[in-house]
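For reference, positions follow the sequence shown, starting with 1.
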Amino acid sequence: MAAACRLCGSTSLAGVVDLGATPPCESFLTADQLDEPETTFPLHLRVCTECWLAQLPPLITPEQTFTEYAYFSSYSTSWVEHARSFVKEQDLRPGAFVVEVASNDGYLLRHVVEGGVRCLGIEPSANVGQAARDAGVPTLTAFLTEETGRRVREEHGPADLVVANNVYAHIPDVIGFTRGLRALVADHGRVSIEVQHLLTLMELNQWDTIYHEHFQYYTVASARRALASGGLTLVDVELLPTHGGSIRLWAVPDPSATPSHRVADVLAMEKAAGLHELSGYHDFAARVAKVRRDLLRFLVDAAEAGHTVAGYGAPGKGNTLLNHCGIRPDLLPYTVDRNPYKHGRFTPGSRIPVLPPERIAADRPDYVLVLPWNLRDELVEQLSYVREWGGRLVFPIPELEVVS
């Protein structure tokens, strides 16, 4: 039986790129697990030729990934500042009520709390949700469903603003999740969703952001249809630089609401790039293959020349890159990360040790491979000390670049 699109039900799904089979990208291993087998899942991105939702089969469940999660948003300085600016722009009144879905460790809502505005986070991961509560952010440990949304609304009242950042791609039940957002928001309220834009993923070769925890990848065209499926109307869109290129979707419950000109503008951009027809996806696999060859060639040449290489960061996208390229500790002996949760663990599949950031200054490697390339400006500044011994930074995406 052919797979069906999870949004429109069509069985007309076309392959975009096949990245082989990898473990879930956030399933970091402890030392005790290194002698145990790892389960891998196919990583084949397809696009629906009816509604243009790019998607992966739901081979893992959100419960497998998000019950205990390795990612803490507050370890990214630029992301916290992004959240602070967003909250400030909303000019929230004291009587308002704000709900954030997938609120992580309270990186955004803590700014709402500081403003004296009532709020609630809904976060499925118990460990990061507890970090939010420790920081004074009220947080419910739960996955958002339509039932959860209704229950929160009954207990706390409807929300004037519902925020859902970097979660709309992480849920296989798009329609049920969207209905949950509708259940939360007041009839006069607004929903703000930030999600990676498929346009920049394709144009800037950001294939390492394809991993099992991302069940779908949105154009504005497919996002508009997804929102409508749950009772929300897209009224505005903003293009953001976050995560290599994201869209902020603004939606309201009013079905008669008129979209802004920016919605039409971005739809036109997508159409010009060919993303509303199959031709726009044809050469993506070849560009992925070139990045793989170039990075492997660089690492092999560095090893043969006796140069040392260390990694910086252990993001989910980095694990797609490492596994698809077949990079192992012989080419990348270790990577470092600011998140203490990952220290002493090993990257899934590639089994590269994750160490504290101080290790780079101690070892003074010739090259530092930057895996969270989306934080380039932030990390170029953080890693400026590497120049002290003549070290250079390596960015693999959108194409291999070695910078001093």
- prompt: Going through the checks in order, is the side-chain contact (heavy atoms from CB on, under 4.5 Å) test met by Tyr312 and Ile360?
  reply: CA-CA 9 Å; Tyr312 188 91; Ile360 286 182; 3.8 Å; yes
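- Asn127 and Tyr341 form no side-chain donor-acceptor contact under 3.5 Å, judged by distance and modelled atom types alone.
- The closest donor-acceptor contact from the side chain of Lys342 to the backbone of Ala314 lies under 3.5 Å.
- With hydrogens and angles disregarded, a donor-acceptor distance shorter than 3.5 Å links the side chain of Thr49 to the backbone of Ser12.
- Of the possible donor and acceptor atoms, none in the side chain of Asp363 sits under 3.5 Å from a partner among the backbone N and O of Pro365.
- A side-chain donor-acceptor contact under 3.5 Å links Glu81 and Ser85.
- Contact of the Leu198 side chain with the Trp52 side chain is not registered, since no non-hydrogen atoms from C-beta on lie closer than 4.5 Å.
- With respect to the salt-bridge test (charged N to carboxylate O, under 4.0 angstrom), the residues Arg262 and Asp265 do not qualify.
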Check residues 390-404 and write down every donor-acceptor pair under 3.5 Å in which the side-chain atom is one partner and the other belongs to a residue at least two apart or another chain.
unit_1: Glu401; atom_1: OE1; unit_2: Arg376; atom_2: NH1; d: 3.0
unit_1: Glu401; atom_1: OE1; unit_2: Arg376; atom_2: NH2; d: 3.4
unit_1: Glu401; atom_1: OE2; unit_2: Arg376; atom_2: NH2; d: 3.3

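- Residue Glu147 qualifies as open at atom CD: its count of foreign heavy atoms under 6.0 Å is 12 or below.
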Enumerate donor-acceptor pairs with a distance under 3.5 Å from any side-chain N or O in residues 281-288 to protein atoms, sequence neighbours excluded.
unit_1: Tyr281; atom_1: OH; unit_2: Leu275; atom_2: O; d: 2.9
unit_1: Arg287; atom_1: NH1; unit_2: Met202; atom_2: O; d: 2.8
unit_1: Arg287; atom_1: NH2; unit_2: Met202; atom_2: O; d: 2.9

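- With respect to the salt-bridge test (charged N to carboxylate O, under 4.0 angstrom), the residues Arg110 and Glu114 do not qualify.
- Of the N and O atoms on the side chains of Gln206 and His243, not one donor lies less than 3.5 Å from an acceptor on the other residue.
- The two atoms that bring Ala183 and Arg150 nearest to each other are CB-N, 3.7 Å, heavy atoms only.
- A donor-acceptor contact under 3.5 angstrom links the side chains of His188 and Asp160, judged on distance only.
- Judged by distance alone, the side chain of Gln90 and the main-chain N or O of Phe86 form a donor-acceptor pair under 3.5 Å.
- The two residues Ser103 and Glu123 make their nearest non-hydrogen contact at N-OE1, 3.4 Å.
- Here the CG-CG distance, from Leu296 to Asp301, works out to 10.5 Å after rounding to the nearest 0.5 Å.
- One N or O on the side chain of His212 and one on the backbone of Phe41 form a donor-acceptor pair closer than 3.5 Å.
- Below 30°, between 30° and 60°, or above 60°: for His82 and Trp79 the angle between ring planes is below 30°, a parallel geometry.
- A distance-only check finds a donor-acceptor pair linking the side chain of Asp366 to the backbone of Thr308 [under 3.5 Å].
- When all heavy atoms are compared, the tightest approach of His44 to Val16 is NE2-N, 4.4 Å.
- Ring geometry for Tyr168 versus Tyr218: interplanar angle under 30°, hence parallel rather than tilted (30 to 60°).
- Ion pairing between Arg93 and Asp91 holds under the 4.0 Å rule for side-chain N and carboxylate O.
- Between the side chains of Thr178 and Ser229, no donor-acceptor pair of N or O atoms lies under 3.5 Å.
- The main-chain N or O of Gly244 is never found under 3.5 Å from a side-chain atom of Gln196 such that the two would form a donor-acceptor pair.
- The two residues Val80 and His111 have their closest heavy-atom pair at O-NE2, 3.7 Å.
- Ser10 places no side-chain N or O within donor-acceptor distance of the main-chain N or O of Cys5, the cut-off being under 3.5 Å.
- Put simply, the residue from Leu53, Val47, Leu7 that forms a side chain to side chain contact (heavy atoms under 4.5 Å, CB included) with Gln216 is Leu53.
- Remark: Lys88 pairs with no residue by the salt bridge (charged side-chain N to carboxylate O under 4.0 Å, His left out) rule, at least two apart or across chains.
- Between the side chain of Gln55 and the backbone N or O of Phe215 there is no donor-acceptor pair closer than 3.5 Å.
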Give the table of side-chain donor-acceptor pairs shorter than 3.5 Å for residues 322-332, with sequence neighbours excluded, one pair per line with atom names and distance.
unit_1: Asn323; atom_1: OD1; unit_2: Ser350; atom_2: N; d: 3.3
unit_1: Asn323; atom_1: ND2; unit_2: Asn319; atom_2: O; d: 2.8
unit_1: Asn323; atom_1: ND2; unit_2: Pro348; atom_2: O; d: 3.0
unit_1: His324; atom_1: ND1; unit_2: Leu19; atom_2: O; d: 3.3

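- Looking only at atom types and distance, the side chain of Asn374 has a donor-acceptor partner in the side chain of Lys317 under 3.5 Å away.
- Side-chain atoms of Thr139 never come within 3.5 Å of backbone atoms of Gly121 as a donor-acceptor pair (strictly under, hydrogens ignored).
- The two residues Val252 and Gly189 have their closest heavy-atom pair at CG1-O, 3.8 Å.
- Between His156 and Phe97, the angle of the ring planes stays under 30°, which puts this pair in the parallel group of the 30/60° scheme.
- Listed by first and then second residue, the salt bridge (charged side-chain N to carboxylate O under 4.0 Å, His left out) pairs that reach into residues 173-201 are Arg182-Asp187, Glu194-Arg248, sequence neighbours excluded.
- For residues 29-52, every residue pair satisfying the salt bridge (charged side-chain N to carboxylate O under 4.0 Å, His left out) rule, not counting sequence neighbours, is listed here: Glu38-Arg351.
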